[in-house]
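The block underneath contains the structure these notes are about, expressed in structure tokens.
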Amino acid sequence: MKNGYEAPRIFTRREFLVTASAALSSRSLLDQIPEHSIAADRHRPQYHLMPPANWMNDPNGPLYWNGRYHMFYQYSPIISNTGPKHWGHAISSDLVHWRNLGIALAPTPGGPDKNGCWTGSAVVVNGVPTLVYTGATWSAESERAERQNGFTPERQMVAVAEDPNDVNLIQWTKIPENPVLASPPPGLRASGWRDPSLWKEGDTWYMVIGSGEVGKGGMALLYRSKDIRNWAYLHPLAVAKPDPSTQDPTRPFASVWECPDFFFLDGKPVLLVARGNSYLTGSYSDHVFQQELGGQIDFGSAAYAQKTMQDDQGRRIWWAWIHEKRSAKAQIAAGWAGVMSLPKRLNLRSDGSLGVEPVRELELLRKGHKQVPSQNIEPNGPMLLKQVAGDCVEIVAEIDLGDARRAGLRVRSTAVGSEQTLIGYDSDSQTIFSDTTHSSNDPETATGSSLFPYRGVQSGSLKLDKSEPLRVRVYIDASVLETFANGRASITDRTYPTTAASLGIGLFSEGGTAHLRQMTVWELAAISPDRLTSGANLFRV
Ligand code: DQQ
């Protein structure tokens, strides 16, 4: 399995200053870049949740409460992952159509979250919606040295809904006891200590905090509380084993386990860790998790910081931050960066692995559709299908690989394929892949750091039974591509074609003939009339 995602790196002082000055020059983008130019950006998705402008990253606290879905997410008024993080807030009654409600949490000057309200969780405590999050108290340029000296710039914080009966949950109050946890357990040389995730057993709350020990690797630290304010540290819930994506026994699985998420799916304990969108399942007794099986929910490096919620139907719904794959310069010029993934439902399969599928509510987006006749897919067949095209579509297709080595769909393609993105199956390696190598002629998408690799092949294991066709469901929304395969794999990717005409959809095969059993292309509806989702004024901070 390739996951292509490196553990987040601590910036050197020089790197930080370069990034920060680029970011600062984009301050108040909401005032500098007219909304109509953001709305006119053809790379901006139309049916994904995002703020009206500026920066979005992790889903923080997805919460189902009082008949509504709430999504809190990392938001920064400047376009940079080092920007001051706020909690943006949006609400939906169907998981698909969202209304932005503005800022739920902002850093308090001089407070334990003065440098950012980082990731955490939303839970309901005695009938009161409650946010538990990490306050950042660091100054990034000196963080590396401070960490070497054992300083941990993170604090754990709590905020409560001022009026639990307000259907929109607009006002949040940080409690006076903050920080509820001021430092990691004594003796731990923590390489990070953030992103609390909570669950309840009987009348007791448990919480894991993503951490890691310098030189050893990631871990999830377990805490217990009766009231969310007073926490007792117990022990590590789980610690890193060799990286499951490389099978290299010498490589610890990430230096920090960012965004751990622990829950039970059909009674089975599951631990998610941000890196590689990984999951671990196993056993849970005496509050210790024993890892048995592992895998990835999403094989694409564009998705990160996964987080789940349970709704009133008992569904375990998965979200992730879809980050950009174009340069910081291009992001700042565009005036926005980051997209929330589509909601995906997790399920426990009979072999103990996790399956993943789009939630059925996404069908609400469907408008007209076209059917593509079944046909053979030859290696030198036509570049594009005549009947279908688009960048706001859902494609549902079933393909028999036949004797083809690789086969699948070509999307976001020009008529001659000078720009094109492939989504398909490789029979030799038994992998599902998305290939953005030729998706754009824009040099701003040509390279990328190890943290954010830009173009190339993303792939992951998908073993098809002998007579099992490849069943794909692909959501294209401008620059976002989300692919689901056979109920058990997903890949999220980005594509930024330079040509507005790169809308073509086609079929491809290599090394033999494949067969298209059936294919439907749905035109999908935008969730706001102006491509801005909603609420620009609410985000002016
Ligand atoms: N993003 C947050 C951190 C988290 C990281 C800060 C993951 O809390 O570890 O925006 O993307």
Side-chain angles (χ1 to χ4, degrees), residues 7-13 15-17 19-20 23-24 27 54-61 72-89 103-122 131-159 172 174-175 177-184 188-197 207-212 214 218 220-221 223 231 254-260 274 304-305 307 321 323 337-338 451 541:
R9 187 168 60 90
I10 293 170
F11 284 73
T12 63
R13 182 169 189 278
E15 284 167 328
F16 173 76
L17 290 176
T19 315
L24 286 172
R27 196 174 273 285
N54 298 332
W55 173 275
M56 159 191 265
N57 58 298
D58 315 351
N60 290 145
F72 301 92
Y73 55 81
Q74 290 280 275
Y75 168 80
S76 164
I78 60 173
I79 297 193
S80 164
N81 206 5
T82 60
K85 299 297 171 60
H86 297 57
W87 280 40
H89 181 194
I103 305 289
L105 289 179
T108 299
D113 59 5
K114 64 181 172 140
N115 295 110
C117 300
W118 285 4
T119 290
S121 300
L131 310 180
V132 186
Y133 67 101
T134 298
T137 329
W138 69 341
S139 69
E141 72 251 58
S142 60
E143 197 214 15
R144 174 180 282 184
E146 286 168 342
R147 279 213 196 270
Q148 292 295 341
N149 294 330
F151 172 73
T152 307
E154 294 120 335
R155 309 278 177 269
Q156 312 314 326
M157 310 279 292
V158 170
W172 295 86
K174 296 177 188 175
I175 63 170
E177 295 92 332
N178 280 326
V180 294
L181 280 169
S183 55
L188 179 78
R189 289 190 65 218
S191 46
W193 186 59
R194 54 184 176 269
D195 311 336
S197 160
M207 167 172 80
V208 279
I209 297 182
S211 190
V214 175
L221 303 178
Y223 293 79
W231 290 96
S255 55
V256 181
W257 276 2
E258 290 192 315
C259 311
Y304 191 67
K307 181 89 185 167
W321 162 37
H323 65 73
L451 181 56
V541 290

Report the distance from atom [atom1] of [X] to atom [atom2] of [Y], rounding to the nearest 0.5 Å.
X      : Y      : atom1 : atom2 : value
Tyr223 : Gln156 : OH    : CD    : 7.0 Å
His323 : Trp55  : NE2   : CH2   : 8.5 Å
Asn178 : Tyr133 : CG    : OH    : 5.5 Å

[X] to [Y] - nearest heavy-atom pair and separation:
X      : Y      : answer
Ala122 : Leu131 : CB-CD2, 3.7 Å
Val132 : Trp87  : O-CH2, 4.2 Å
Leu188 : Pro184 : CD2-CB, 4.5 Å
Lys85  : Ser80  : CE-O, 4.0 Å
Pro112 : Pro179 : CG-CD, 3.9 Å
Tyr73  : Asn57  : CB-O, 4.4 Å

| For Thr119 and Glu258, what are the C-alpha separation, side-chain angles and deciding distance, and is it a side chain to side chain contact (heavy atoms under 4.5 Å, CB included)? | CA-CA 9 Å; Thr119 290; Glu258 290 192 315; over 6 Å; no
Taking the side chain as every heavy atom from C-beta outward, state whether [X] and [Y] have any pair of such atoms under 4.5 Å apart.
X      : Y      : answer
Gln74  : Asn60  : yes
Thr134 : Ile209 : no
Pro84  : Ser76  : yes
Ile103 : Leu105 : no
Lys174 : Asp113 : yes

| field | Set of side-chain contact (heavy atoms from CB on, under 4.5 Å) partners for Ser121, sequence neighbours left out | value |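 Counting only residues at least two positions away or on another chain, Ser121 forms a side-chain contact (heavy atoms from CB on, under 4.5 Å) with Ser197, Leu198, Lys307.
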| salt bridge (charged side-chain N to carboxylate O under 4.0 Å, His left out) against Asp58, all qualifying residues, sequence neighbours excluded | none
| said: Parallel, tilted or perpendicular: which one describes the rings of Tyr75 and His86, with boundaries at 30° and 60°? | reply: perpendicular
| said: Please check this pair: side chain of Ser191 against backbone of Ser255, looking for a donor-acceptor N/O pair closer than 3.5 Å. | reply: yes
| Backbone N or O of Gly192 within a donor-acceptor pair of the Ser211 side chain at under 3.5 Å? | yes
| task | Apply the test side chain to side chain contact (heavy atoms under 4.5 Å, CB included) to residues Trp257 and Val208: give CA-CA distance (whole Å), side-chain angles for both, the deciding distance (0.1 Å), then the verdict. | result | CA-CA 11 Å; Trp257 276 2; Val208 279; over 6 Å; no
| query | Are the aromatic rings of Trp172 and Phe72 close, with centres under 6.0 Å apart? | reply | yes
| message | Between Thr137 and Glu154, is the side-chain hydrogen bond (donor to acceptor under 3.5 Å, both in side chains) condition met? List the steps. | response | CA-CA 6 Å; Thr137 329; Glu154 294 120 335; over 6 Å; no
